[in-house]
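A note on names: the letters A, B, ... follow the listed sequences, proteins ahead of strands, and every chain is numbered from 1.
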There are 2 protein chains.
Amino acid sequence: MDTGFDHEKHGCYDVFSRDCPPRAVLELIAGKWTMLALVALADGRAMRFNELRRRLDGVTQKMLTQTLRALEREGLLTRTVYPTVPPRVEYRLTALGGEIAKLVTRIAAWSTASIDEIRAARAAYDQRLHHTPRPLSA
Amino acid sequence: MDTGFDHEKHGCYDVFSRDCPPRAVLELIAGKWTMLALVALADGRAMRFNELRRRLDGVTQKMLTQTLRALEREGLLTRTVYPTVPPRVEYRLTALGGEIAKLVTRIAAWSTASIDEIRAARAAYDQRLHHTPRPLSA
DNA sequence: CAGTATCCTCCAAGATACTG
DNA sequence: CAGTATCTTGGAGGATACTG
């Protein structure tokens, strides 16, 4: 039923709501390879497909294509095909993509900077519940 | 066999490498509910379990517990149990968690601020390829 | 209220093969 | 080089029932 309130019209979103468009964007960014791709391109340099493929250790062709297509569709990067032989395709962040890439890069930097503290927290946590699940009724 | 190079010792990480610990942290943050939980707690206020549950529209008990436990383990939030009846459990960001929550909140804000531009990009993209749009995300 | 404990579904992600 | 096109699968995520 129609609530009589058009969120799109009012530009008023609750990111916690299940059908909030910005939340969908958040979920896109949360894709397994999305953040790494954004970080790789964050400096504004154009990169070729296999260049990205090599940089994102472990990514498959399919997943990289899928990730890049999704980012292109959202307007975060451009895909330029040069009709040469062999083909040459370059990916480059748009202005919009550059903004989000900067933020994601800061998160990546934070991860690296905080990794020691995080590892310590993990160790402490794992030690607190050190008792292996007791075979209570097994 | 020791490779002779201890990354942990040197504090030298490549976030693109497949067994880079910071990359694992990045993947934690990329969890479906992690960013939303961080944003919900970003203001530093403590929140109770069901309070978070209501806020994160669509989350199940299992997923919320799992998300919060993971964040607790990484040292991003604390879980405080008050031995009352009925039980009362409060979740609150740590200083470390506050840092990342601020960054994630900025990403959420960016999503909301950019949604119109993104929607326009999507429409343009879908029109360029004159066949059925890919159902990557609604 | 704030969880466990199970069971199950589904699709993101991977593997593999082929191509302009 | 930079992709499609299929097929397959692990496990993230969900549904449901029970509990201190």
Rounded to the nearest angstrom, tell me the gap between atom [atom1] in [X] and atom [atom2] in [N].
{"X": "B:Lys62", "N": "D:dC18", "atom1": "NZ", "atom2": "C1'", "value": "16 Å"}
{"X": "B:Arg88", "N": "C:dC1", "atom1": "CZ", "atom2": "P", "value": "12 Å"}
{"X": "B:Gln66", "N": "D:dA15", "atom1": "CD", "atom2": "C1'", "value": "14 Å"}
{"X": "A:Leu64", "N": "C:dA13", "atom1": "CG", "atom2": "C1'", "value": "13 Å"}
{"X": "B:Leu36", "N": "D:dG13", "atom1": "CG", "atom2": "P", "value": "12 Å"}
{"X": "A:Arg54", "N": "D:dC1", "atom1": "CZ", "atom2": "P", "value": "7 Å"}
{"X": "A:Phe49", "N": "D:dC1", "atom1": "CZ", "atom2": "C1'", "value": "9 Å"}
{"X": "A:Glu51", "N": "D:dC1", "atom1": "CD", "atom2": "C1'", "value": "13 Å"}

A:Arg48 and A:Pro87: which non-hydrogen atoms are nearest, and at how many Å?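 Answer, listing the atom of A:Arg48 first, then A:Pro87: NH2-O, 3.5 Å.
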
Residues [X], [Y]: salt bridge by 4.0 Å N-O rule:
{"X": "B:Glu27", "Y": "A:Lys32", "answer": "no"}
{"X": "B:Glu51", "Y": "B:Arg53", "answer": "no"}
{"X": "B:Asp43", "Y": "B:Lys102", "answer": "no"}

Tell me whether the OP1 or OP2 atom of [N] has a side-chain N or O from [X] closer than 4.0 Å.
{"X": "B:Tyr91", "N": "C:dG3", "answer": "yes"}
{"X": "A:Arg48", "N": "D:dC1", "answer": "no"}
{"X": "A:Arg79", "N": "D:dG3", "answer": "yes"}
{"X": "B:Arg69", "N": "C:dT4", "answer": "yes"}
{"X": "A:Lys32", "N": "C:dG14", "answer": "yes"}

For A:Pro86 and for B:Val59, locate the closest nucleotide of DNA chain D by heavy-atom distance; then report the residue assigned to the nucleotide nearer the 5' terminus.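 Final value for this comparison: A:Pro86.
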
Side chain A:Thr67, main chain A:Thr34, donor-acceptor under 3.5 Å: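 No, A:Thr67 side chain to A:Thr34 backbone: no donor-acceptor pair under 3.5 Å.
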
D:dG14, D:dA2, C:dA2: which one has an atom nearest the side-chain heavy atoms of B:Asn50?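 The answer is C:dA2.
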
Among the candidates C:dT4, D:dA2, C:dG14, find the nucleotide nearest to the side-chain atoms of B:Gln61.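 The answer is C:dT4.
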
Would you indicate what B:Arg53 reaches in the nucleic acid, counting non-hydrogen atoms under 4.0 angstrom: base, sugar-phosphate, or nothing?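 Answer is nothing: B:Arg53 stays at 4.0 Å or more from every strand.
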
Identity of whatever pairs with D:dC18 - Watson-Crick or G-U, under 3.5 angstrom: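 Per the H-bond distance test, C:dG3.
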
